[in-house]
2 protein chains.
Amino acid sequence: MSESIDHLRDTFRATGRRWTSQRRLILGVLEESDIHLDAETLFVRAKARDSDISLATVYRTLGVLKEMGLVEEHSLGEEHAHFEAVRDQPHYHFVCLGCGRVIEFDAPQMAQIEQSVSKREGVCVTDIHLRLSGYCARCQETMGGQCGDQE
Amino acid sequence: MSESIDHLRDTFRATGRRWTSQRRLILGVLEESDIHLDAETLFVRAKARDSDISLATVYRTLGVLKEMGLVEEHSLGEEHAHFEAVRDQPHYHFVCLGCGRVIEFDAPQMAQIEQSVSKREGVCVTDIHLRLSGYCARCQETMGGQCGDQE
DNA sequence: GTCCATGCAAACTGTTTGCACGCGC
DNA sequence: GCGCGTGCAAACAGTTTGCATGGAC
């Protein structure tokens, strides 16, 4: 999502998709809030600027952007999906069960894991979802430091 | 779920929960189909033996079993949840996008990843969800072997 | 007898879809 | 002008919940 809006317009055109005001708006919202949003939040922020936009359009646009490889869908909490603009290198998520904070991290060891599974099982891996959950430093403090024994 | 039914009954009693025929039935179904089931499938199999059992009870029982640490919930496909009996060592999942087959694997490198994230970010990890997706050996054959370039 | 667990149906959440209209091309 | 994209509302899937009855203890 770091490429210019003009370049995106061309990408849309090149794939026979239309460059509509709603799609521009949704891309704008995604661009300026580079965190993980759910569809509802994205909808609210878009609606603040164009009160006529509908939630269905948000979902349909997110579907198109996924097809185009511009956004990824994650199930960060267990509930509803979150979306994020695709970045250069892959990265993974830690989700705090206390405050919901999301921390991103890289894990070079994933390449080994992927390789060894591919070789051992003869499969071909196209996608990796890794999510750690637990408690962030701040939430551990407010809980008294015991970790792992809460359920 | 390898412990005997009697031991489970005691665990229920000890935590002030009642040992009902429905819970026994659901545990029985889980035990003899040690794969990953969704709530609906579990419901159908249970209903085959007790036509009065309700889907709500299946969900409520799965909730209790999760609380007790006896089953885990996974989002294997992107759609609905899957449940599986908790085993000794942690393990992860590969899901085939072609046929839906689920392959389990272990990944000792996960311990390093967990440690390095914990140390670097000061977080405490209580749970790890790792899911690879792609195409299994069989599905790659029927597709002609090209891997990674399908959407 | 007490009170948790159940069955039923209705509610609810997140997401998708059918249809007529509108706008990008 | 053609046809995709949109708004709206209704449909949908999976899951949860309120309430009265029934069964475990």
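Note on naming: letters A, B, ... go to the chains in the order of the sequence lines (proteins, then strands), and numbering restarts at 1 for each one. Remember, predicted model here, so these are calculated numbers, not experimental data.
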What is the distance, to the nearest angstrom, from the [atom1] atom on [X] to the [atom2] atom on [N]?
| X | N | atom1 | atom2 | answer |
| --- | --- | --- | --- | --- |
| Phe83(B) | dG14(D) | CZ | P | 12 Å |
| His82(B) | dG14(D) | NE2 | C1' | 12 Å |
| Asp52(B) | dT6(C) | CG | P | 13 Å |
| Leu25(B) | dT6(C) | CG | C1' | 13 Å |
| Arg24(A) | dT6(D) | CZ | C1' | 14 Å |
| Trp19(B) | dC3(C) | CH2 | P | 24 Å |
| Leu76(A) | dG14(C) | CG | C1' | 15 Å |
| Leu62(B) | dG14(D) | CG | P | 15 Å |

Distance-only donor-acceptor test (3.5 Å): side chain Arg13(A), base dC25(C): no

Under 3.5 Å donor-acceptor pair, Arg18(A) side-chain atoms to dC25(C) base atoms: no

Along DNA chain D (nearest heavy atom to each residue), the more 5'-positioned of Ser21(B) and Arg17(A): Arg17(A)

Position toward the 5' end of DNA chain D (nearest nucleotide), Val58(A) or Ala39(B): Val58(A)

Can you tell me if [X] touches the phosphate of [N], counting only side-chain N or O atoms and a distance under 4.0 Å to OP1 or OP2?
| X | N | result |
| --- | --- | --- |
| Gln22(B) | dG23(D) | no |
| Arg60(A) | dC4(D) | no |
| Thr57(B) | dA5(C) | no |
| Arg23(A) | dG24(C) | no |

Of the listed nucleotides ([options]), which one gets closest to any side-chain atom of [X]?
| X | options | value |
| --- | --- | --- |
| Tyr59(B) | dG14(D), dA5(C), dC8(C) | dG14(D) |
| Ser54(A) | dC8(D), dT2(C), dT6(C) | dC8(D) |
| His80(B) | dG7(D), dG14(D), dG5(D) | dG14(D) |
| Thr20(B) | dC8(D), dG23(D), dT6(C) | dT6(C) |

Side-chain donor/acceptor of Glu114(A) to backbone N/O of Asp127(A), under 3.5 Å: no

Expected output: side-chain Arg138(A) to main-chain Cys99(A) donor-acceptor under 3.5 Å: no

Salt-bridge present (Glu121(B), Arg101(A); N to O < 4.0 Å): no

CA sep, side-chain torsions, deciding dist, call: Ile103(A), Val117(B), side chain to side chain contact (heavy atoms under 4.5 Å, CB included): CA-CA 10 Å; Ile103(A) 297 175; Val117(B) 174; 6.0 Å; no

Name of the residue among Met110(B), His74(B), His129(B) meeting side-chain contact (heavy atoms from CB on, under 4.5 Å) with Tyr92(B): Met110(B)

Partner of Phe12(B) under side-chain contact (heavy atoms from CB on, under 4.5 Å), chosen from Arg24(B), Arg23(B), Arg18(B): Arg23(B)

Sugar-phosphate only, base, or nothing, as touched by Leu55(B) at under 4.0 Å among non-hydrogen atoms: base

Sugar-phosphate, base or nothing in reach of Asp38(A), heavy atoms under 4.0 Å: nothing

Most 5' of Ser51(B) and Gly16(B) on DNA chain C, judged by nearest nucleotide: Gly16(B)

